[in-house]
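One structure is given below, encoded as structure tokens.
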Amino acid sequence: MKKCTKCHKNIPSDAKVCPYCGTPQPGYQPMKRTPKRKNAFLYYILIAALLFFPMGISYFFAFNTLSNTETSATKTTLKTYQEAKNETFVYEYDSLADFSKNVKGSKNYVNKIKQVETSLDEIVGSKNIKKNYTFQITDNSNVYVDASYIISLDKQNKMNISYQYDLSKDSNLTYNYYLKEINKLEDAIQILQDNEEKIQNILYVFNGKDNHELISKTIDEFKTKENEFTTGTLSHYGQGIHNNNGNDKSSIRVFKSEEKYRVQFSYDSKLKMKNFL
């Protein structure tokens with residue numbers, strides 16, 4: 001027997017609660033209640049739903065958006081070109097691979113461009129060329145091609161070639177040769193003379209004509225006017241010389257930054273469309 005800690009009545013020694021006043025006795029620990037497994041399972045289901053339902057909605061819309069994008073870029077077939085005053089662009093691709101893959105009938109375009117680039121690679125080396133393309137297709141099956149190549153010969157010398165054409169056979173070719181960090185203009189003259197044949201060969205790939213006469217004329221004139229550029233004041237827009245022969249235009253422009261010169265040789269022409277269409 002033992003006495004209750006509160007009412008002090010005699011109670012059994014193993015009693016955990018006083019049978020008279022209901023007071024828990026020393027060493028008594030209430031029994032813990034465990035939720036039923038069914039309720040706990042529903043609780044976890046609710047948490048999972050709250051976490052993954054928004055993700056599922058996002059995925060659904062994202063998937064549909066991607067599907068719609070793919071649908072909008074459905075493969076098309078080039079039909080017979082119909083000349084029109086007003087044209088609407090309906091497809092556009094920014095790589096030769098996408099244009100080739102998604103446009104049936106583009107093989108001739110792609111092969112022609114690759115042939116031109118193979119010839120260009122032989123002149124300057126493929127590792128030195130960075131390529132950019134834009135192909136646009138209109139509702140009357142006209143194809144507009146806009147391409148450019150950045151040729152890095154070294155840190156000091158860089159060439160840029162850009163050309164555009166379409167099925168109306170209207171075309172434009174722009175070639176620029178940039179010389180940076182030039183100490184003396186006579187150095188630029190020498191570089192241009194040393195690379196005159198390379199410039200001619202590059203231009204020939206695109207316009208299929210002999211450009212030597214106009215190139216030489218512009219470089220020679222630059223040489224004779226060297227003193228004018230070195231003794232005169234060069235504005236922000238620089239100074240230059242210009243020559244032309246029909247559709248072909250050649251120029252050299254000189255800029256100055258602190259004690260260094262920058263020289264830009266340019267040549268504008270038309271493409272030899274047989275090489276592209």
Side-chain angles (χ1 to χ4, degrees), residues 94 116-134 146-164 171-271:
D94 59 5
V116 168
E117 292 179 352
T118 297
S119 299
L120 188 61
D121 290 348
E122 293 174 354
I123 299 172
V124 299
S126 59
K127 293 182 179 180
N128 299 322
I129 305 176
K130 181 179 180 181
K131 307 171 184 178
N132 293 287
Y133 311 93
T134 299
D146 190 332
S148 66
Y149 308 114
I150 298 175
I151 304 170
S152 300
L153 301 178
D154 52 50
K155 293 182 179 179
Q156 187 178 6
N157 304 320
K158 182 177 292 185
M159 296 180 181
N160 179 274
I161 304 168
S162 63
Y163 61 92
Q164 303 83 34
S171 69
N172 183 63
L173 167 66
T174 300
Y175 169 87
N176 289 299
Y177 187 1
Y178 301 100
L179 306 176
K180 302 185 297 180
E181 299 295 317
I182 301 297
N183 295 313
K184 299 178 181 179
L185 288 184
E186 61 185 36
D187 295 336
I189 295 171
Q190 188 62 52
I191 293 173
L192 290 173
Q193 289 178 330
D194 291 343
N195 288 279
E196 185 175 337
E197 184 175 357
K198 180 178 290 186
I199 296 171
Q200 154 61 20
N201 291 338
I202 290 173
L203 291 172
Y204 183 81
V205 169
F206 294 91
N207 65 11
K209 63 173 69 173
D210 187 344
N211 309 280
H212 268 125
E213 183 179 351
L214 190 54
I215 295 172
S216 296
K217 181 181 179 181
T218 305
I219 296 175
D220 289 342
E221 189 173 337
F222 177 43
K223 184 177 181 179
T224 59
K225 293 187 176 183
E226 177 188 348
N227 290 334
E228 295 182 21
F229 297 132
T230 55
T231 58
T233 301
L234 295 176
S235 67
H236 176 72
Y237 300 99
Q239 292 185 20
I241 54 178
H242 304 271
N243 291 299
N244 63 79
N245 181 12
N247 290 326
D248 293 355
K249 300 177 182 179
S250 180
S251 66
I252 293 179
R253 199 155 195 86
V254 181
F255 306 87
K256 193 172 185 180
S257 177
E258 297 179 353
E259 298 302 318
K260 302 284 186 177
Y261 291 98
R262 289 184 295 113
V263 177
Q264 177 182 331
F265 173 88
S266 300
Y267 199 102
D268 295 328
S269 184
K270 296 291 184 180
L271 297 175

Are any of the side-chain heavy atoms of [X] and [Y] separated by less than 4.5 Å?
X: N211; Y: Q200; value: yes
X: L173; Y: I161; value: yes
X: I199; Y: Y267; value: no

Contacts of S251 that satisfy side chain to side chain donor-acceptor pair (under 3.5 Å) - sequence neighbours left out:
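Per chain and number, S251 pairs via side chain to side chain donor-acceptor pair (under 3.5 Å) with no residue.
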
Return the [atom1] to [atom2] distance between [X] and [Y], rounded to the nearest 0.5 Å.
X: L203; Y: D268; atom1: CG; atom2: CG; answer: 10.0 Å
X: M159; Y: I129; atom1: CE; atom2: CD1; answer: 10.5 Å
X: N160; Y: Y177; atom1: CG; atom2: OH; answer: 13.5 Å
X: N128; Y: K130; atom1: CG; atom2: NZ; answer: 14.0 Å
X: N245; Y: S250; atom1: CG; atom2: OG; answer: 10.5 Å
X: N207; Y: S171; atom1: CG; atom2: OG; answer: 9.5 Å

Closest approach of [X] and [Y], non-hydrogen atoms and distance?
X: E196; Y: I215; answer: CG-CG2, 3.7 Å
X: Q164; Y: L271; answer: O-CD1, 4.0 Å
X: K158; Y: S152; answer: CE-OG, 3.8 Å

N/O donor-acceptor pair under 3.5 Å between Q264 side chain and Y178 backbone
no

Would a distance-only check, ignoring hydrogens and angles, find a side-chain to backbone donor-acceptor pair under 3.5 Å from N157 to L153?
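Between the backbone of L153 and the side chain of N157 there is no qualifying donor-acceptor contact (under 3.5 Å).
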
Residues Y175, I202; criterion side-chain contact (heavy atoms from CB on, under 4.5 Å); working and verdict
CA-CA 9 Å; Y175 169 87; I202 290 173; 4.2 Å; yes

Step by step, would you call I241 with F229 a side-chain contact (heavy atoms from CB on, under 4.5 Å)?
CA-CA 11 Å; I241 54 178; F229 297 132; 4.1 Å; yes

By the ring-ring contact (aromatic ring centres under 6.0 Å, His included) test, which pairs, at least two apart or in different chains, include something from residues 181-203?
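Sorted pair list comes back empty.
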
Under the side chain to side chain contact (heavy atoms under 4.5 Å, CB included) test, which residues partner N201, sequence neighbours left out?
I123, E197

Please identify each residue that fulfils side chain to side chain contact (heavy atoms under 4.5 Å, CB included) with Y133, with sequence neighbours left out.
L96, I113, E117, K131, F135, A147, Y149

Output side-chain donor-acceptor pairs under 3.5 Å for residues 179-194, partner residues at least two apart or in another chain, one line each.
{"residue": "N183", "atom": "OD1", "partner": "K260", "partner atom": "NZ", "Å": "2.3"}
{"residue": "Q190", "atom": "NE2", "partner": "D194", "partner atom": "OD1", "Å": "2.9"}

Provide the full list of salt bridge (Lys or Arg N to Asp or Glu O under 4.0 Å) pairs with a residue in residues 209-227, sequence neighbours left out, each pair given once.
K209-D248, E221-K225

